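Being a predicted model, the structure only gives us computed values, none of them experimental. Remember, it's 1-based here, ligands and their atoms both numbered in the order they're listed.
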Amino acid sequence: MTISEVINKISSNFKVVNVENPKLDSQLIVGNVLKMDRAMLLTYPEKEISDDEYEKIMEMAKKRMLREPIQYIIGQCEFMGLDFYVNENTLIPRNDTEVLVEKAIEVIKSEKYLNGLDIGTGSGSIAVSVAKYSKIQMTAIDISEKAIEVAKKNAERNEVKIDFILSNLFENVEGKFDIILSNPPYIETDVIETLEPEVRAYEPKTALDGGKDGLIFYREIVEKCSKYINKGGSIIFEIGYNQGKQVASLLEDNFNFEKVEVLKDLAGLDRVVIGYKLC
Ligand code: GLN
């Protein structure tokens with residue numbers, strides 16, 4: 001069988017089970033097995049694949065048919081132009097989170113911040129990309145040992161030095177920071193079962209579940225963080241599309257920031273809240 005034949009075959013299988021990007025995902029699987037990028041696949045559509053390669057491709061395609069996320073199947077995900085390793089122990093980095101990272105980099109540079117804390121780092125996508133593009137010293141914490149392992153791998157892969165601490169929120173954290181960043185679990189418990197199969201059946205629930213109203217981690221972080229944030233420092237949260245007002249109020253009611261702002265993602269939905277410069 002040729003490259004283009006196998007891509008067409010699995011891509012039409014994917015369509016049947018409503019995979020969102022059937023062609024792209026087929027190319028990613030075939031490319032992963034043949035160690036070819038998409039451009040190469042398109043350049044050599046007539047190349048024959050071996051039986052061994054075909055078997056590996058079909059094994060991965062079967063997983064995608066069951067709606068396992070493509071990123072877990074190929075163990076790879078792009079975020080902020082960087083390459084990340086992912087597995088089922090962490091959420092898959094989302095494009096939406098780039099809004100938080102870009103804002104963080106802007107503020108770190110303008111305020112000349114020196115150190116930062118990423119709470120619930122997961123794959124490390126926030127800590128690694130912020131460290132990479134701003135040169136700030138990041139500390140990254142997570143309650144999951146397996147997530148920390150993934151994040152460490154990503155720091156190595158992207159050649160940044162990060163301090164990792166296994167910690168339930170601030171439990172094992174010492175010192176103060178110029179900036180605190182967090183994309184905590186924020187989905188309302190009852191909503192999780194309504195999400196796409198890729199999310200509800202495969203991504204770690206502990207990384208998604210923000211309790212009954214989705215806000216428990218914001219409350220807990222806000223309640224405890226004053227000990228850990230320097231004067232003049234800032235805090236940036238990723239939030240769900242319907243949480244802007246509540247999370248902004250949490251910051252306004254508990255701190256005296258120069259300003260509290262809600263930022264939107266590319267779809268025009270509230271996605272980030274920043275408490276800018278603690279007075
Ligand atoms: N943005 C993710 C989703 O919609 C959730 C991320 C989170 O809970 N922190 O699936």
Would the Tyr228 and Phe170 ring centres measure less than 6.0 Å apart?
-> yes
Between Phe217 and Tyr186, is the ring centre distance below 6.0 Å?
-> no
Before signing off on this row, confirm whether Leu195 and ligand 1 have an N or O atom pair separated by under 3.5 Å.
-> no
Please list the nearest protein heavy atom to [atom] with its residue and the distance rounded to 0.1 Å.
atom                   : answer
atom 8 (O) of ligand 1 : Tyr186 N, 3.0 Å
atom 3 (C) of ligand 1 : Arg94 NH2, 3.5 Å
atom 4 (O) of ligand 1 : Ile187 CD1, 4.0 Å

Any atoms of ligand 1 less than 4.0 Å from a non-hydrogen atom of Pro184? List them with their elements.
-> 7 (C), 8 (O), 9 (N)
Within 4.0 Å of some non-hydrogen atom of Asn183, the atoms of ligand 1 are 7 (C), 9 (N)
Shortest non-hydrogen separation from Gln71 to Val86 and the atoms involved | O-CG2, 3.5 Å
Are Asn8 and Ser11 close enough that a side-chain donor and a side-chain acceptor fall under 3.5 Å?
-> no
Arg64 side chain to Glu68 backbone, donor-acceptor under 3.5 Å | yes
Whether Lys224 side chain and Glu171 backbone form a donor-acceptor pair below 3.5 Å = no
With a 4.0 Å heavy-atom cut-off (strictly under), which part of Glu203 contacts ligand 1: side chain, backbone, both or neither?
-> neither
Determine whether the side chain, the backbone, both or neither of Leu91 has a heavy atom under 4.0 Å from any heavy atom of ligand 1.
-> side chain
contact_flag Gly240 ligand 1 heavy-atom lt 4.0 Å = no
Passing option when Ile236 is tested against Ile179, Val99, Val101 for side chain to side chain contact (heavy atoms under 4.5 Å, CB included) = Ile179
